[in-house]
There are 2 protein chains.
Amino acid sequence: MLQKESGGSNKAVSRGYLQGQLVARGVRMTQQRRAILQVMEGARGHLDAASILRIARHDHPDIDRVTVYRTLTLLKRHGLIDELDLLHLGGVGHYYEQRPLQQHLHVACLRCGRVVEIASPLFDKIKGQVERNLAFRVAFARVEIGGYCEKCRPETSG
Amino acid sequence: MLQKESGGSNKAVSRGYLQGQLVARGVRMTQQRRAILQVMEGARGHLDAASILRIARHDHPDIDRVTVYRTLTLLKRHGLIDELDLLHLGGVGHYYEQRPLQQHLHVACLRCGRVVEIASPLFDKIKGQVERNLAFRVAFARVEIGGYCEKCRPETSG
DNA sequence: GGTATAGTTGCAACATGTTGCAAAAGGAGA
DNA sequence: TCTCCTTTTGCAACATGTTGCAACTATACC
C-alpha cells in the first residue's frame with residue numbers, strides 16, 4: 001500500500017506517508033503541519049516535542065510550540081503516531097514515534113537511559129485477552145518496562 | 001487526627017504500611033511526609049498530585065506542591081507506589097497508586113474515562129521474556145490499554 | 001482568479017512537574 | 001533536654017503541556 005519513502009523524483013515535495021494519510025482523511029494541510037510531518041517522517045528513534053519544534057523551524061521559522069502539540073494530538077487521534085513516556089527517565093516530557101506496522105514494547109534502562117524496542121506475540125495476546133474478558137474494543141496498547149541492562153546491572157546482589 | 005484506617009482503637013497514630021516501610025529503610029519521617037503517606041494509604045483508586053496535595057493539607061495546611069512531588073518520587077524510588085499516565089485521558093497529569101501485591105494492567109475507556117484494572121499471567125510472561133531475551137533485569141513494568149468499553153463502543157462499524 | 005467559511009494558527013494565560021538554594025526540622029549522641 | 005549534622009522544606013524560577021480567543025488561511029464553490 002502506502003510507501004514510507006516515495007520513489008518518485010518528479011516532485012519537489014514528496015508527500016510522505018503521514019501527510020498522505022491526513023489528506024486522504026480530509027484534514028486540511030498547512031505549511032506548519034507539512035513542516036512537522038516532514039520531521040516525523042524523517043525521524044529515527046524517539047523525538048520529544050521540543051526537538052520536533054526545533055527541527056520544524058528550519059522549514060518554517062515562525063512555527064509555535066502550541067502548533068506542534070496540536071499536530072501531535074491530531075496524529076494521535078488518527079492513530080498515526082504513538083506517544084510514549086519512556087517511564088519519565090528524562091523528566092516530564094513525552095516522546096513520539098510513527099506507529100509501526102508491528103507493535104512493539106519499550107524497555108528502558110533506568111541507569112544509562114538506553115531504550116530498546118522489541119516485538120512480542122504476547123503483546124497481541126494481552127490485547128486479545130482484554131477484548132474478550134472485558135468486552136472491550138482495544139484501540140491501542142502501551143507496554144513500558146524499566147530496569148537495568150546487562151552493562152548497568154547493579155553490582156549489589158542483595 | 002492521624003488515624004485514617006483505625007486498625008486498633010487504642011492508638012491515635014496507626015503507622016500504616018508505607019510509613020513503616022520508609023522508616024525501616026532509614027528514611028527520615030517528617031510531618032509533611034506523614035500527611036502525604038496517610039493520603040496514599042487511605043486512597044482507593046488513582047490519585048493525582050493535586051488531589052494528594054489538597055487532602056494532605058487537611059492535616060498540614062502549609063505543605064507545598066513541591067513536597068508532594070518529591071515524596072512521590074521517593075516512594076517511586078523505593079518501589080512502593082506506581083506512577084500511571086492512564087493514557088493522558090485527563091490531560092497532562094499523572095496518577096499514583098500503592099504498588100499492589102499482584103501487578104495489574106490498566107484499561108481505560110477513551111470516551112467515558114473509566115479505568116479498569118485486571119491481572120494477567122501474561123504480564124509476568126512478558127517480563128520474563130524481556131529478562132531472557134535482552135539479559136535485562138526488570139524493575140517494573142507498565143501496561144496501559146486504551147479503547148472503548150462495552151457501553152461506549154462507537155456505533156460506526158467502519 | 002475571487003469570495004465565503006470553517007478549520008488552523010499564534011499569543012497569552014494557565015496547569016502540571018522539576019530544580020537550585022537558603023532556612024528549617026529530624027534524629028543521633030551527649 | 002541540648003547541640004550538631006544531615007536531610008528536608010518552601011520559595012522562586014524554569015520546563016513541559018493545554019486551553020480560550022481573535023486573526024489568519026486552506027479549501028470549496030463560483
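All chains are named by letter (A, B, ...) in the order of the sequence lines, taking the proteins before the strands, and each is independently numbered beginning at 1.
Regarding Asp85(B), its CG atom lies at a distance of 12 Å from the P atom of dG17(D), rounded to whole Å. Rounded to whole angstrom, the span from the CZ atom of Arg34(A) across to the P atom of dT27(D) amounts to 7 Å. Note: CE (Met29(B)) to P (dT7(D)) measures 15 Å, nearest angstrom. To the nearest angstrom, P of dT16(C) lies 10 Å from CG of Leu53(B). For the pair His88(B) NE2 and dT16(D) C1', the computed distance is 11 Å after rounding to whole Å. Between Leu86(B) atom CG and dT16(C) atom P there is a gap of 15 Å when expressed in whole angstrom units. Here the C1' atom of nucleotide dA26(D) and the CD atom of Gln19(A) are 13 Å apart, to the nearest Å. One atom, OH of Tyr95(A), and another, C1' of dT16(D), lie 11 Å apart when rounded to the nearest Å.
Between the side chain of Arg57(A) and the main chain of Ile63(A), a donor-acceptor pair closer than 3.5 Å is present. Judged by distance alone, the side chain of Arg111(B) and the main-chain N or O of Cys152(B) form a donor-acceptor pair under 3.5 Å.
Here side-chain hydrogen bond (donor to acceptor under 3.5 Å, both in side chains) pairs that include residues 61-76 of chain B, with residues two or more places apart or in two chains, are Lys76(B)-Glu83(B).
Residues satisfying the side chain to side chain contact (heavy atoms under 4.5 Å, CB included) criterion with Glu131(B), sequence neighbours excluded, are Val138(B). Legend: residues meeting side chain to side chain donor-acceptor pair (under 3.5 Å) with Asp85(B), ordered by chain and number and at least two apart, are His88(A), Arg142(A), His94(B), Arg142(B).
Each of Gln98(B), Arg99(B), His104(B) was compared with Asp82(B) under the side chain to side chain donor-acceptor pair (under 3.5 Å) criterion, and only Arg99(B) meets it.
Side-chain contact annotation: His106(A) with Glu144(A), donor-acceptor N/O pair under 3.5 Å absent. With hydrogens and angles left out, the side-chain atoms of Gln38(B) and Arg34(B) include no donor and acceptor closer than 3.5 Å.
Applying the 4.0 Å criterion to OP1 and OP2 of dT18(D), one finds that Tyr69(A) has every side-chain N and O outside that range.
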- Per-nucleotide protein contact along nucleotides 4-10 of chain C, 5' to 3', at a 4.0 Å heavy-atom cut-off (B base, S sugar-phosphate only, - neither), is --BBSBB
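Within the nucleic acid shown, His94(B) comes within 4.0 Å of sugar-phosphate atoms alone, with no base atom in reach, counting heavy atoms only. Counting non-hydrogen atoms under 4.0 angstrom, Ala50(B) reaches nothing in the nucleic acid.
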Give every donor-acceptor pair under 3.5 Å between a side-chain atom in residues 119-129 of chain B and any protein atom, sequence neighbours left out.
| from | atom 1 | to | atom 2 | distance (Å) |
| --- | --- | --- | --- | --- |
| Ser120(B) | OG | Gln129(A) | OE1 | 2.6 |
| Ser120(B) | OG | Leu122(B) | N | 3.0 |
| Gln129(B) | OE1 | Ser120(A) | OG | 2.6 |

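Comparing the helix axis at one end of the helix from dG1(C)-dC30(D) to dA30(C)-dT1(D) with that at the other, each defined from 5 consecutive pairs, gives an inter-axis angle of 30° (nearest 10°).
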